[in-house]
Amino acid sequence: ADSKDKAGPKDKAAIKKEACTTATAPASSDIKVAGYLNLAADCAHNFTDGLAIGASYLAGHGVGVVTTLTILFHELPHEVGDFAILVQSGYPKRKAILLQLVTALGALAGTLCGLLAGSGGVAATAWILPFTAGGFIYIATVSVIPVLLENSSPGQSILEILAMFAGIGMMVVVAFVE
């Protein structure tokens with residue numbers, strides 16, 4: 001028999017130790033690509049959230065507070081989902097939490113950019129809110145609607161699309177009343 005086929009007790013212990021070490025702290029090559037993509041997308045997403053917050057405070061204190069609270073309530077489940085994606089992609093829990101905090105800096109940078117745009121006058125801020133709103137609508141139509149339509153009956157799909165248009169209609173009404 002070949003000596004490679006026979007592993008002594010010391011070799012088995014080394015193999016077991018190596019397996020335990022990589023299970024708790026994966027090498028960067030063990031991280032799935034989805035984890036890296038999620039971090040990049042989350043940072044960009046947080047930046048646009050920050051832009052919306054900064055520009056909304058320039059539009060008025062009340063608009064800023066409402067926008068901030070809306071984004072906060074939106075971000076809580078979103079960040080929990082991102083944390084789960086990072087852990088599932090191979091990041092240890094502690095590192096996933098730290099990386100989520102780092103991506104949150106994107107929101108601070110976006111807020112700063114939005115507020116600095118105010119020094120450029122009304123014309124600079126006039127495009128920020130529509131830009132960020134368009135980004136949110138794009139995400140909804142490209143990411144959310146296909147998931148909602150998947151495995152749904154035609155009647156359920158129609159109700160979901162009608163609910164989306166009702167939400168858009170409510171936003172238009174609020175814009176005209178305000």
From Ile158 atom CD1 to Ser153 atom OG, the distance as rounded to the nearest 0.5 Å: 8.5 Å

Can you name the closest pair of heavy atoms from Tyr91 and Ala96 and give their distance? CB-CB, 4.2 Å

How far apart are the closest heavy atoms of Ser89 and Gly35, and which atoms are they? OG-N, 3.2 Å

Applying side-chain contact (heavy atoms from CB on, under 4.5 Å) to Asp49 and Asn46, what does each step give before you reach the verdict? CA-CA 5 Å; Asp49 285 348; Asn46 288 342; 4.0 Å; yes

Derivation of the side-chain contact (heavy atoms from CB on, under 4.5 Å) call for Leu115 and Leu58: CA-CA 7 Å; Leu115 291 171; Leu58 293 174; 4.3 Å; yes

Given Glu75 and His45, is the side-chain hydrogen bond (donor to acceptor under 3.5 Å, both in side chains) satisfied, shown in steps? CA-CA 10 Å; Glu75 281 300 314; His45 172 94; 2.8 Å; yes

ILVMFWY network linking Ile85 to Tyr36, side-chain heavy atoms under 4.5 angstrom: no

Quick check: is Val66 connected to Leu69 through a chain of hydrophobic side chains (ILVMFWY, heavy atoms under 4.5 Å apart)? no

As an exercise, state the distance from CD of Glu79 to CD1 of Ile97, rounded to the nearest 0.5 Å. 12.0 Å

Take Tyr57 and Thr111 through the test side-chain contact (heavy atoms from CB on, under 4.5 Å) and record every step on the way to the result. CA-CA 10 Å; Tyr57 274 102; Thr111 302; over 6 Å; no

Once rounded to the nearest 0.5 Å, what's the spacing between atom SG of Cys113 and atom CG of Leu108? 11.0 Å

Name of the residue among Leu99, Thr103, Val33, Leu86 meeting side chain to side chain contact (heavy atoms under 4.5 Å, CB included) with Asn38: Leu86

Distance in Å, Asp42 CG paired with His78 NE2, rounded so as to fall on 0.5 Å steps: 5.5 Å

Rounded to the nearest 0.5 Å, how far apart are CD1 of Ile53 and CG of Leu112? 12.5 Å

Between Ala59 and Val63, which heavy-atom pair has the shortest distance, and what is it? CB-CG1, 4.4 Å

How far apart are the closest heavy atoms of Lys93 and Phe83, and which atoms are they? O-CE1, 3.6 Å

